[in-house]
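Input: a single structure, listed below in structure tokens.
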Amino acid sequence: MATDLSWEDCDPWEAFLPRVAEALSAAARRAGAEIPAAELRGQLEWGNSEQADVAFPAHRLARTVGQDARELALRIARNVPSTVGVDRVESTGAFVNVTLDAERFIDRTLTIIRDRGARYGGGPARPGVSCIEHTSANPTGPFHIGRVRNAILGDTLARAARASGEKVVTQYYADDLGRQSAMITWIWSKPIDRWPEAIRAALPNGAEATEEKPDRRLGRPYPLVSQYVKNHPEAAEEVGRLVQDLEGGRAPPTHRQLAEEILRGMCASLRRLGIEFDEFVWESSLLADGSVEAVVQRLKAAPHAVREANGAWAIDASGYGLPKESPRIIFLRHDGTTLYTTRDVAYHLEKFRRFDRVVDVLGQDHRLHARTLDALLAEIGEGRRPEYLIYQDLVLPGGGRMSTRGGSAVWLDDLLDEAVKRARDEVRRRRTDLADDALDAIAQAVGAGAVRYHILRVAPDKPVQFRWEEALSFEGRAGPFLQYAYARAASILRKSGVARAVGRWTASDLLGVEERALVKILSRLPSLVAHAARSGQVHSLAGFAHDIADRFNRFYHAVPVLGSGDKEASRLALVEATYQTLGNTLDLIGVPRLETM
RNA sequence: GGGCGCGUGGCUUAGCUGGAUAUAGCACCGGGUUCCUAACCCGGCGGUCGGGGGUUCGAAUCCCCCCGCGCCCGCCA
């Protein structure tokens, strides 16, 4: 890999925007308005239509120099020096509209796509390593789809960050301490025939051993155990003792095995969505290696540490802007055991030691936890903080969250099974030529793509409405729409009979409106990836993928490629560039590519 | 009660640090297949951007108040 790559080698716009900014800055100076090119560049906007590729709203500048905005825009437009890559500059109202040299722009874009290939969309490699922690659901049972948004956001962010040039390690923080996992161990350490009747009732008539997925099989009694323990003090006491044992490092040998087995099943579900992890961090390991104890010592010595009457330790956090009702953050219980937040401090210190960027993907119910964690980090003099990507829950049509106990949970596996089944019916209807295994492969990809896209397309801070019909939609703004456009491009390339990366083209062959619009959308991938990787707003990539497919479909209907005579080679090159760019984008959002469907 | 988040056409949704006529999808209505995959395309209908004030040349975007929904306010995780 070339290490001396610059942004100009990666992003088509880099060859134009700095020059446009220079030219406009020079013109502004002649018009009596000083503004450095770099600052002006920050105010440039994408042209909103056919009338401009780049626009500069002159209002702000006009104000600072006390001129009339329309007047200034007009004078800037008139004073722009002839600039390589710029075709013409006009003013409309208070806007300075810049039209780029279309042939140069097309050349630049197609060249970069060809040269970068599978890496198109990314930027130069950057030093440092990022850690993205996501999912981290307790290993107590199967994923319901309320939890999967975290995994999809985190995984997509990891893909975007990786593409944009970061080295990324994804981590799953697995909780093998605490009551939840204790209850799993508590029930499974007894033979089934000695389970309380109320819990045994959860198991389908003696079929407990037949289900193959461990998360489902082992997690099944969990909701009932949780209920049972609430109403049976003697059971609660046993579970309580187990919690103590876990924290004291005296976990029964089956404990970790159970957790790992359930987690294995959960991860198998996520793998169907293309989600995998680089590392798993077990919470108990932070106790075992003494790092939690070290944090406790530092917290006890912190400026606002206080000892409660019963012996517990806390931080007086009234200075940290937390809700006034809970100005104290307990970090050590009266019995000397630690809390989740305390252990999380140890976890984050470890992350800061190893990584240059630390991102946590959290549900909105963890917002306060995040602020608490920040406060504790500040208390022990740690200067760094994690970045939080916080998302709202997935909600059901009637309102409300998905709950395992309330019976409103939809298991991820069931959703995927249903999606794949419907996709299979759909494929079978259209394709009579396919063998069963080819058909299955397409159905898997379509089903998984539909589900992943459905959840990814909404901005993280808005709730996702879950409806079966929409999650399983194969039309319009949906995963299969993208796959279909990609398959179409693939089909044209196959039929052209020429195997290559982006072939030769003549930019002047591609000056039609559809072609120019398509090139323009393709050119935006690098800046979008960079933005998504930085901000975590990965849903924008889902929208962008749709825009490419949409533009390509219009081009497809309006412009013949194969058999189009002397323009065929250029048009093929454009199809190849689309195929490459849309394919890269599908990889980024984790929707499987399909060469045929 | 307090804190945080959200509120855009019938439904779902885009809108980057305020900028030119507010995105798209679903649904609905009307068209398109002798032509590279119709899971597609073209046209139409539909919005006082929750309500009210304010800042500004300009507000869906920023500020304040109110209403609605969600989450949190544990020596749980």
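FYI, side chains are in, hydrogens and waters are out, and symmetry mates aren't considered; it's all heavy atoms of this structure. Chain letters run A, B, ... following the sequence lines, proteins first, then strands; residues in each count from 1.
Across all strands shown, nothing is found opposite B/U33 as a Watson-Crick or G-U wobble partner with both distances under 3.5 Å. A 3.5 Å limit on both hydrogen-bonding distances identifies B/C4 as the Watson-Crick or G-U partner of B/G70.
A donor-acceptor contact under 3.5 Å links the side chain of A/His59 to the base of B/G19. Contact of A/Asp393 with B/C71 (side chain to base): no donor-acceptor pair of N or O atoms is detected under 3.5 Å. If you check distances only, the side chain of A/Asp550 never reaches the base of B/A24 with a donor-acceptor pair under 3.5 Å. Interface remark: the A/Glu475 side chain does not form any donor-acceptor pair with the B/G25 base, using a distance-only criterion of under 3.5 Å.
A/Tyr556 places its OH atom 5 Å from the P atom of B/U37, with the value rounded to the nearest Å. Atom P of nucleotide B/A38 and atom CZ of A/Arg429 are separated by 14 Å, given to the nearest angstrom. Atom C1' of nucleotide B/C35 and atom CZ of A/Phe555 are separated by 14 Å, given to the nearest angstrom.
Atoms CD1 and CG, from A/Ile521 and A/Asp547 in turn, are 4.5 Å apart once rounded to the nearest 0.5 Å.
The cationic group of A/Arg488 lies under 6.0 Å from the six-membered ring centre of A/Tyr556 and within 45° of the ring axis, placing it in a cation-pi geometry. In this structure, A/Arg422 forms no cation-pi arrangement with A/Trp468, as its terminal cationic atom is not both closer than 6.0 Å to the ring centre and no more than 45° off the ring axis.
We find that A/Arg343 and A/Glu247 are joined by a salt bridge, their nearest charged nitrogen and carboxylate oxygen being less than 4.0 Å apart.
For B/A77, one of the phosphate oxygens OP1 or OP2 lies less than 4.0 angstrom from a side-chain nitrogen or oxygen of A/Arg343.
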